[in-house]
**Student:** 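Shown below is the structure under consideration.
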Amino acid sequence: MFPTAPIAAIATAPGRGGIGVVRVSGADLVPVMLSLFGRTLTPRHAHYLPFTAADGEVLDQGIALYFKAPHSYTGEDVLELQGHGGPAVLRRLLSRCLEAAREQGIRLAEPGEFTRRAFLNDRMDLAQAEAVADLIDASSEAAARGAMASLSGDFSRRVDELAERIVHLRMLVEATLDFPEEEIDFLEKYQARPTLAALVADLDTLIAQARQGVILREGLHVVLAGQPNVGKSSLLNALAGDEVAIVTPIAGTTRDKVVQEIHIDGVPLHIVDTAGLRETEDTVESIGIARTWKEIERADVILHLQDVTRPGDQLDAAITDRLPARTPVLVVYNKADLLGDAAGFVAPEGSLAISAREGVGLDTLRSELLRLAGWNPGGESPWLARERHLHALQASAEHLAIAGEHAELDDRVLDLFAEELRLAHESLTSITGKFTSDDLLGEIFSSFCIGK
């Protein structure tokens with residue numbers, strides 16, 4: 001049963017502004033309009049009029065828009081009141097809407113509920129619904145373009161096209177299983193093996209693009225790790241282009257993490273400066289070092305900063321041994337400016353020499369960060385993707401791989417072949433929401449803002 005009782009919420013961000021919007025959605029909003037305005041409104045026309053209380057007091061004056069179902073954002077009747085953006089005014093308008101539709105069982109909207117109703121009413125699929133939140137949260141122009149591409153359905157169309165091809169192959173397999181008396185070599189007659197191989201190749205391409213989309217949406221968690229006074233805070237300031245961390249010659253200046261978001265080629269990077277790693281009796285510094293190791297454990301990329309004037313330091317070797325093996329690590333030798341041009345220092349293979357103070361080598365460092373994270377500038381995803389999408393695509397690829405193993409045998413395992421195709425199809429369609437649990441929907445839409 002889809003919910004039909006009206007919901008209402010303030011749709012604009014908290015705080016003061018020139019304009020504020022109160023949004024109402026429900027199965028029939030004619031009684032609400034009659035209560036608010038004493039008349040119905042022409043659909044899709046802007047009406048400039050007073051917004052009045054039940055006793056006739058004018059609460060505000062602004063524009064009312066009425067979108068009649070199904071031609072609205074949610075697929076239901078939608079009413080939007082655009083007034084002045086003061087918090088007190090908007091609260092009074094919202095209370096008035098709740099009062100006007102009390103008999104219809106109106107209530108305050110939950111986070112993301114307007115978009116959830118749009119999904120349930122087939123106004124958009126689940127990937128498009130997620131793109132609404134991604135567009136709002138986009139922190140770069142590239143991310144905004146990608147979110148808009150997802151919202152327009154580019155990603156969904158790619159997924160649906162692959163799903164339809166799997167369905168077609170399933171149809172042929174299951175028709176063969178339904179008529180076992182027909183002596184047909186299915187795998188040969190219908191070219192099942194090359195058809196499956198083409199599916200796998202196209203799915204692999206989609207997975208590669210989805211990885212790019214995930215990076216573009218979620219960014220990279222980059223942790224600066226190393227001994228005290230190797231220049232971690234200086235490097236953070238250099239990458240951020242601002243004095244966001246305190247820099248002094250005193251070892252152990254940084255006691256807690258300092259996080260700064262930067263963008264490289266449109267990709268967001270969350271750079272984390274941490275306490276220097278060493279043995280210490282200082283209680284506060286010890287807490288900071290413990291937090292550093294926690295940040296290192298959850299990093300996407302670790303920059304292990306070392307002092308170029310102290311190569312082969314034993315403490316650096318101990319830090320290297322403790323770094324997680326599953327996480328890409330880039331060794332960066334800082335303070336190259338202290339060596340002078342004649343020093344002839346050459347960074348070991350796979351590492352970089354830079355000067356955070358002078359800005360030397362930072363462009364190379366930025367490029368290497370993206371490479372380690374798997375970002376391919378030439379293969380930028382035209383749309384954003386989430387980890388959920390990537391996992392579903394990978395699960396589908398695994399089922400197709402197993403189906404390929406069955407296809408190497410003969411028609412005696414057609415039932416297993418068909419089952420793997422079915423599972424691959426379900427994994428794909430979970431992206432757009434055809435096979436999605438209520439728990440997952442609750443998790444997805446709870447991350448939206450109220451009023452959207």
**Student:** Check whether any side-chain N or O of Ser72 sits under 3.5 Å from a backbone N or O of Lys68 as a donor-acceptor pair, and report yes or no.
**Tutor:** no
**Student:** Between Glu297 and Arg326, is there a salt bridge with N-O shorter than 4.0 Å?
**Tutor:**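 The answer is yes: the pair qualifies as a salt bridge.
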**Student:** CG of Asp154 to CE of Met148: how many Å apart, nearest 0.5 Å?
**Tutor:** 9.5 Å
**Student:** Before accepting this row, confirm whether a basic side-chain N of the pair Glu426/Arg422 lies closer than 4.0 Å to the acidic partner's carboxylate O.
**Tutor:**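 Yes.
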**Student:** Between Asp363 and Arg366 (salt bridge meaning N to carboxylate O under 4.0 Å), is one present in this structure?
**Tutor:** yes
**Student:** Only one of Thr12, Val22, Leu65 passes side chain to side chain contact (heavy atoms under 4.5 Å, CB included) with Gln82; say which it is.
**Tutor:** Leu65
**Student:** Is atom CZ of Arg157 surrounded by more than 12 heavy atoms (other residues, nucleotides or ligands) closer than 6.0 Å?
**Tutor:**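 Enclosed: over 12 neighbouring heavy atoms sit under 6.0 Å from CZ of Arg157.
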**Student:** Evaluate side chain to side chain contact (heavy atoms under 4.5 Å, CB included) for Asp77 paired with Asp28, printing each intermediate quantity in order.
**Tutor:** CA-CA 6 Å; Asp77 281 2; Asp28 179 16; 3.9 Å; yes
**Student:** Contact between Arg165 and Thr195 at the side-chain level, heavy atoms closer than 4.5 Å - yes or no?
**Tutor:**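 Side chain of Arg165 against side chain of Thr195, heavy atoms only: no contact under 4.5 Å found.
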**Student:** Please tell me if the side chains of Arg388 and Leu126 come closer than 4.5 Å, counting only heavy atoms from C-beta onward.
**Tutor:**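 Of all side-chain heavy-atom pairs linking Leu126 with Arg388, at least one is under 4.5 Å.
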**Student:** Do the side chain of Ser35 and the main chain of Pro31 share a donor and acceptor less than 3.5 angstrom apart?
**Tutor:**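 Looks like no, no N/O pair under 3.5 Å.
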**Student:** Here's one to test your reading of the geometry: is the NZ or CZ of Arg23 within 45 degrees of the ring axis of Tyr73 and under 6.0 Å from its centre?
**Tutor:**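 Checked: cation-pi criterion met.
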**Student:** Nearest 0.5 Å, please: how far is CD1 in Ile7 from CD1 in Ile106?
**Tutor:**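 One gets 8.5 Å once the value is rounded to the nearest 0.5 Å.
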**Student:** List the atom of Ala143, the atom of Leu384, and the distance in Å for their closest heavy-atom pair.
**Tutor:**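 Heavy-atom minimum between the residues: O-CD1, 3.6 Å.
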**Student:** Is the closest basic N to carboxylate O distance between Arg92 and Glu57 below 4.0 Å?
**Tutor:** yes
**Student:** Could you walk me through whether Arg123 and Gln128 satisfy the side chain to side chain contact (heavy atoms under 4.5 Å, CB included) test, starting with their C-alpha distance in whole Å, then the side-chain angles of each, then the deciding distance to 0.1 Å, before giving a yes or no?
**Tutor:** CA-CA 10 Å; Arg123 296 296 294 169; Gln128 289 174 297; over 6 Å; no
**Student:** Using a 3.5 Å distance criterion without hydrogens, assess whether the side chain of Arg44 forms a donor-acceptor pair with backbone atoms of His71.
**Tutor:** yes
**Student:** Taking C-beta and beyond as the side chain, do Glu141 and Arg145 meet within less than 4.5 Å on heavy atoms?
**Tutor:** yes
**Student:** Evaluate the side-chain proximity of Leu303 to Leu365: yes if any heavy-atom separation is below 4.5 Å, no if none is.
**Tutor:**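 Touching, per the 4.5 Å side-chain cut-off.
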**Student:** Between His391 and His389, is there a donor-acceptor pair closer than 3.5 Å when you use the side chain of the first and the backbone of the second?
**Tutor:**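 Absent.
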**Student:** Heavy-atom distance under 4.5 Å between the side chains of Arg291 and Ile287, does that happen here?
**Tutor:**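 They are in contact (side-chain heavy atoms under 4.5 Å apart), so the answer is yes.
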**Student:** Kindly write out the residues that satisfy side-chain hydrogen bond (donor to acceptor under 3.5 Å, both in side chains) with Ser156, not counting sequence neighbours, or none if the list is empty.
**Tutor:**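 Here the qualifying residues are Asp125.
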**Student:** Take atom CD1 of Ile19 as the centre, draw a 6.0 Å sphere, and report whether it contains more than 12 heavy atoms from other residues, nucleotides or ligands.
**Tutor:**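 Counting neighbours around CD1 of Ile19, 12 or fewer heavy atoms of other residues, nucleotides or ligands fall under 6.0 Å, so no.
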**Student:** Distance from Ile302 atom CD1 to Thr327 atom OG1, nearest 0.5 Å?
**Tutor:** 4.5 Å
**Student:** I'd like to know whether Val272 forms a side chain to side chain contact (heavy atoms under 4.5 Å, CB included) with Thr292, so could you lay out the CA-CA distance, the side-chain angles of the two residues, the decisive distance to 0.1 Å, and finally the verdict.
**Tutor:** CA-CA 9 Å; Val272 184; Thr292 295; over 6 Å; no
**Student:** Nearest 0.5 angstrom please: Thr115 OG1 to Ile136 CD1, how far?
**Tutor:**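 So the gap between those two atoms works out to 7.0 Å.
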**Student:** Would you confirm whether Asn334, through its side chain, and Val230, through its main-chain N or O, come within 3.5 Å as a donor-acceptor pair?
**Tutor:** yes
**Student:** Is the shortest side-chain heavy-atom distance between Leu428 and Leu393 below 4.5 Å?
**Tutor:** yes
**Student:** Decide yes or no on side chain to side chain contact (heavy atoms under 4.5 Å, CB included) for Leu59 and Val89, but give the supporting numbers first.
**Tutor:** CA-CA 7 Å; Leu59 303 177; Val89 174; over 6 Å; no
**Student:** Is it true that, when you exclude His270 itself, more than 12 heavy atoms of the residues, nucleotides or ligands shown sit nearer than 6.0 Å to its NE2?
**Tutor:** yes
**Student:** Does Leu94 reach the side chain of Leu108, with side-chain heavy atoms less than 4.5 Å apart?
**Tutor:**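 Yes, at least one pair of side-chain atoms sits under 4.5 Å.
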**Student:** Do Leu269 and Leu370 have side chains that get closer than 4.5 Å, going by heavy atoms?
**Tutor:**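 Yes. Closest side-chain heavy atoms under 4.5 Å.
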**Student:** Return yes when atom NE2 of His168 has more than 12 non-hydrogen atoms of other residues, nucleotides or ligands closer than 6.0 Å, and no otherwise.
**Tutor:** no
**Student:** By side chain to side chain contact (heavy atoms under 4.5 Å, CB included), which residues pair with Phe51, not counting sequence neighbours?
**Tutor:** Phe37, Leu49, Asp60, Ala64, Leu81, Leu93
**Student:** Under a 4.0 Å threshold between the charged nitrogen and the carboxylate oxygen, would Glu99 count as salt-bridged to Arg96?
**Tutor:** yes
**Student:** Testing the basics here: between Ala131 and Ala147, what is the closest heavy-atom pair and its distance to 0.1 Å?
**Tutor:**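 Closest pair (atom of Ala131, atom of Ala147, distance): CB-O, 3.6 Å.
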**Student:** Please report the interatomic distance OG(Ser139) to CG(Leu216), rounded to the nearest 0.5 Å.
**Tutor:**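 So the gap between those two atoms works out to 8.5 Å.
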**Student:** Minimum heavy-atom separation for Val78 and Ser25, please, with both atom names.
**Tutor:** CG2-OG, 3.8 Å
**Student:** Which value, rounded to the nearest 0.5 Å, describes the distance between Trp383 atom CH2 and Gln212 atom CD?
**Tutor:** 9.5 Å
